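Because the structure is predicted, anything quoted here is derived from the model rather than measured. Any value given below was found using the heavy atoms of this structure, including those in side chains, with hydrogens, waters and symmetry copies removed. Within every chain, numbering begins at 1; the chains are lettered A, B, ... in the order of the sequence lines, protein sequences first and strands thereafter.
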2 protein chains.
Amino acid sequence: MSIKEIAAKLNVSKSTVSLVINGKAEQGRISEALAKRIMDYVDSIGYKPNALAKSLATGKSRTIGLIVENIGDSFFGPIALYIEEYLRKYNYHVLYSSTLNDEKLANTILDTMLDKYVDGIIMAPTLGQEEQVQKLIDTKLPLVVFDRRIPSLETNYIGTDNYSASKRAVQYLFECGYKSIGMITIDSKQVQMLDRLRGYREVVDSNNSTEDILQIPYNLVGDSRKAMIDSFLSENSFDALYFSTNYLCVSALKVLKANKKHKHYGMITFDDHEIFELNLPTISCMRQPIEEIAKQIVVTLLGQINDHKKPFDDIIIPSELIIRESTQ
Amino acid sequence: MSIKEIAAKLNVSKSTVSLVINGKAEQGRISEALAKRIMDYVDSIGYKPNALAKSLATGKSRTIGLIVENIGDSFFGPIALYIEEYLRKYNYHVLYSSTLNDEKLANTILDTMLDKYVDGIIMAPTLGQEEQVQKLIDTKLPLVVFDRRIPSLETNYIGTDNYSASKRAVQYLFECGYKSIGMITIDSKQVQMLDRLRGYREVVDSNNSTEDILQIPYNLVGDSRKAMIDSFLSENSFDALYFSTNYLCVSALKVLKANKKHKHYGMITFDDHEIFELNLPTISCMRQPIEEIAKQIVVTLLGQINDHKKPFDDIIIPSELIIRESTQ
DNA sequence: AACCAATGCAAAACCGGTTTTGCATTGGTA
DNA sequence: TACCAATGCAAAACCGGTTTTGCATTGGTT
């Protein structure tokens with residue numbers, strides 16, 4: 001049932017119906033009596049306006065685009081859930097896409113979202129998206145970047161203290177008495193990964209220890225990744241390991257489990273994972289406060305939507321050191 | 001830039017531009033020369049039609065609504081990723097929402113999605129949605145239900161063989177030599193859970209063993225859930241455990257880890273989890289082939305979209321028994 | 001030469017709303 | 001009682017597309 005049909009049924013014009021439905025009866029100088037008659041009828045038939053037409057007319061869709069690396073991931077999945085929950089409280093919906101770290105795909109996704117007239121975008125950008133994201137910023141569409149900062153861009157950003165948290169993690173390994181610490185990370189130019197790497201290097205240097213770094217390509221998964229870790233462990237002689245992200249640690253745990261010849265390492269990783277509480281030994285980590293991050297993302301985005309001239313936020317939420325058996 | 005502006009710029013009518021852009025130049029009897037002139041200009045300015053206006057005019061949005069229980073979950077997260085990937089191949093996007101098993105919320109979500117004019121819906125329904133889903137079916141909107149069947153409804157369904165897979169799992173425990181098997185499940189009337197329960201019961205009975213069942217409320221999480229499992233283990237004397245879903249098994253593993261007084265159980269669970277490969281012992285399970293399920297969901301939905309009169313599919317994809325250390 | 005069909009495109013109607021403008025009435029003031 | 005502002009609503013314009021209809025012109029028959 002359309003607004004036109006309602007109008008015809010009640011012998012009024014559609015503008016009148018529209019004004020009443022949207023609570024603008026007063027502003028449209030519609031009499032209370034007529035407003036009531038319209039509302040009663042509208043309620044009785046359970047009319048709901050066509051959201052597409054409404055969006056077209058108003059330019060607002062009450063939909064937010066969410067672009068992450070992988071919705072099935074143990075970091076992005078839960079963060080997506082929290083974002084969805086917070087947004088729902090404000091009557092926004094989520095259109096999402098996973099980039100799988102593919103730059104081309106990420107740009108396509110961005111284009112499509114803009115097409116669909118989202119009211120704002122939340123994204124963890126991939127490498128090589130600088131230009132596209134700059135264009136996005138130029139459109140003035142409310143935007144929040146999270147997890148990966150693009151340093152050249154001025155926009156809202158929410159993330160954790162990658163550099164200092166990384167330093168704390170590695171320093172903690174030294175404090176536990178480990179002398180030689182290897183790092184396993186993703187071979188990536190993403191800023192958050194470089195920050196974590198830099199943190200490791202500085203602390204290792206300031207402890208007069210030597211760097212041992214394994215950089216694994218993002219797309220290398222499964223057995224090939226495990227093989228790389230396996231030989232890295234075989235060819236080096238450190239007594240502790242630092243991982244830049246949880247799934248690398250999980251891979252290493254699988255390697256250690258499968259190949260008993262490896263010794264027992266001190267271990268700490270960035271990002272928590274349900275596995276770490278159960279593994280033998282349980283695994284220490286720097287945990288990003290996911291719910292808080294999600295909350296700040298939404299608050300920042302809605303702030304921008306409601307006030308386009310609001311200055312950009314740059315919110316750093318510290319990670320928390322969770323100490324478990326792997327560093328004892 | 002709108003189609004109207006393009007038309008003005010080229011001194012043609014917008015209908016002509018629209019026809020050319022949509023490859024209907026011939027059907028609209030537009031001369032090749034003019035079509036080329038329009039296409040050249042359109043390409044040169046990188047014009048992209050407003051998807052909202054297009055959807056309003058055509059009634060098609062190229063967006064699919066995906067309603068799951070929890071996008072951050074180790075079953076629904078990965079399945080959502082696969083669904084998204086398959087749909088993208090056909091140029092569809094995904095509007096998603098998590099119901100968190102809340103019936104009211106689930107119905108609200110459904111309403112909103114219909115508002116947004118999705119071209120189809122993929123959902124894992126919650127309990128109590130029978131009526132709403134029946135209404136949805138009555139609208140003839142392409143729909144695929146997965147994971148949880150609602151027996152009273154006639155529509156497309158994709159799921160695994162819960163009953164027979166459950167029987168195989170429990171039977172396997174008996175074959176391993178266990179004599180007394182406890183089951184831990186969710187206190188739910190969801191059909192897939194009832195089927196798994198029924199499978200357990202039948203096999204236990206036919207082996208002349210006794211049933212021991214713990215039903216945990218869905219909303220009971222964290223420590224309360226663990227406490228329930230803890231006392232269930234303390235008060236009974238079985239030698240093996242069967243879990244109706246992976247997160248219950250994970251909770252039990254935490255209990256077993258925390259409380260050393262419990263003995264060593266044979267264990268098998270429905271649904272795989274990354275933890276199970278790493279736990280000591282590694283955990284056997286009935287694994288649902290997630291990627292295949294996602295694929296069939298998409299194929300079925302697109303089939304319905306392209307042919308509204310296609311008969312409904314009811315596809316059962318067998319789960320696979322993964323044998324690990326916990327049943328040795 | 002008159003007629004008819006085919007061609008090439010413009011114009012208009014439509015999708016379902018929102019918002020601005022405009023036109024009668026009414027009522028109050030000078 | 002003439003004038004002006006306020007009232008109450010309808011009409012129209014708009015959002016940006018798609019699709020049907022309609023109107024000249026051209027070209028080919030008889």
Side-chain angles (χ1 to χ4, degrees), chain A residues 1-39 41-42 45-63 111-112 114-119 139 141, chain B residues 1-39 41-42 45-63 111-112 114-119 139 141:
Chain A
M1 188 122 191
S2 74
I3 205 169
K4 200 161 90 182
E5 294 173 283
I6 294 179
K9 187 90 182 176
L10 296 177
N11 277 315
V12 297
S13 78
K14 19 179 246 172
S15 53
T16 306
V17 177
S18 174
L19 288 170
V20 169
I21 285 176
N22 290 297
K24 297 179 183 172
E26 203 151 339
Q27 156 189 338
R29 297 194 303 251
I30 311 298
S31 67
E32 276 188 36
L34 181 52
K36 181 170 183 335
R37 190 161 67 96
I38 292 175
M39 278 314 288
Y41 182 69
V42 162
I45 63 168
Y47 165 77
K48 299 189 72 181
N50 179 316
L52 276 178
K54 194 163 186 157
S55 296
L56 182 60
T58 60
K60 302 286 163 204
S61 64
R62 296 209 83 81
T63 302
D111 280 345
T112 320
L114 294 177
D115 277 2
K116 303 234 173 186
Y117 267 40
V118 292
D119 289 349
T139 67
L141 185 73
Chain B
M1 188 120 191
S2 74
I3 206 168
K4 198 162 91 181
E5 295 172 284
I6 293 178
K9 186 90 182 178
L10 295 178
N11 277 317
V12 297
S13 78
K14 28 179 240 172
S15 54
T16 307
V17 176
S18 174
L19 288 170
V20 169
I21 285 175
N22 290 297
K24 298 179 181 171
E26 203 151 340
Q27 157 189 337
R29 295 192 306 251
I30 313 298
S31 68
E32 276 189 37
L34 180 54
K36 182 170 183 333
R37 190 160 70 94
I38 292 175
M39 278 314 288
Y41 182 70
V42 161
I45 63 167
Y47 165 78
K48 299 189 73 181
N50 179 314
L52 234 41
K54 195 163 185 157
S55 296
L56 183 60
T58 60
K60 302 285 163 205
S61 64
R62 298 210 81 82
T63 301
D111 279 345
T112 320
L114 294 176
D115 276 3
K116 303 235 171 186
Y117 268 39
V118 292
D119 289 349
T139 68
L141 186 72

side-chain contact (heavy atoms from CB on, under 4.5 Å) partner of Val42(B), chosen from Ile21(B), Val20(B), Leu10(B):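 By the side-chain contact (heavy atoms from CB on, under 4.5 Å) criterion, Val42(B) pairs with just one of Ile21(B), Val20(B), Leu10(B): Ile21(B).
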
If you compare every side-chain N and O of [X] against the phosphate oxygens of [N] (OP1, OP2), does one of them come in below 4.0 Å?
X        : N       : result
Asn22(B) : dT18(D) : yes
Ser31(A) : dC9(D)  : yes
Ser18(A) : dT18(C) : yes
Thr16(B) : dC9(C)  : no
Lys54(A) : dT18(C) : yes
Lys24(A) : dT19(C) : yes
Tyr47(A) : dG17(C) : yes

Heavy-atom pair of closest approach, residues Leu19(A) and Gly28(A):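 Closest approach of Leu19(A) to Gly28(A), heavy atoms only: CD1-CA, 3.9 Å.
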
What are the two closest non-hydrogen atoms of Ser61(A) and Tyr117(A), and how far apart are they?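 What the structure gives for the nearest pair is OG-O, 2.7 Å.
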
Can you tell me how far [atom2] of [N] sits from [atom1] of [X], to the nearest Å?
X        : N       : atom1 : atom2 : answer
Glu32(A) : dT7(D)  : CD    : C1'   : 14 Å
Lys4(A)  : dA12(D) : NZ    : P     : 14 Å
Lys48(B) : dG16(D) : NZ    : P     : 16 Å
Glu26(A) : dA6(D)  : CD    : P     : 15 Å
Asn11(A) : dC9(D)  : CG    : P     : 13 Å
Glu5(B)  : dC15(D) : CD    : C1'   : 12 Å
Ile3(B)  : dA11(C) : CD1   : C1'   : 15 Å
Lys14(A) : dT20(C) : NZ    : P     : 15 Å

May I ask which nucleotide in the shown strands pairs with dT26(C), Watson-Crick or G-U wobble, both distances under 3.5 Å?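 With both distances under 3.5 Å, dT26(C) matches dA5(D).
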
Paired nucleotide for dA12(C) [Watson-Crick or G-U wobble; both distances under 3.5 Å]: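 For dA12(C), the partner nucleotide comes out as dT19(D), under the 3.5 Å rule.
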
Between Asp119(A) (side chain) and Lys60(A) (backbone), is there a donor-acceptor pair under 3.5 Å? no

With nearest nucleotide decided by heavy atoms, which residue, Ser13(B) or Pro49(A), maps closer to the 5′ end of DNA chain C? Ser13(B)

Arg29(B) vs Asn50(A), nearer the 5' end of DNA chain C by closest nucleotide: Arg29(B)

Give one of base, sugar-phosphate or nothing for [X], where a contact means two heavy atoms less than 4.0 Å apart.
X        : value
Gly59(A) : nothing
Leu52(B) : nothing
Ser15(A) : base

Short side-chain donor-acceptor distance under 3.5 Å, Ser15(B) and Ser18(B): no

Within a radius of less than 6.0 Å around NZ of Lys48(B), do more than 12 heavy atoms belonging to other residues, nucleotides or ligands occur? yes

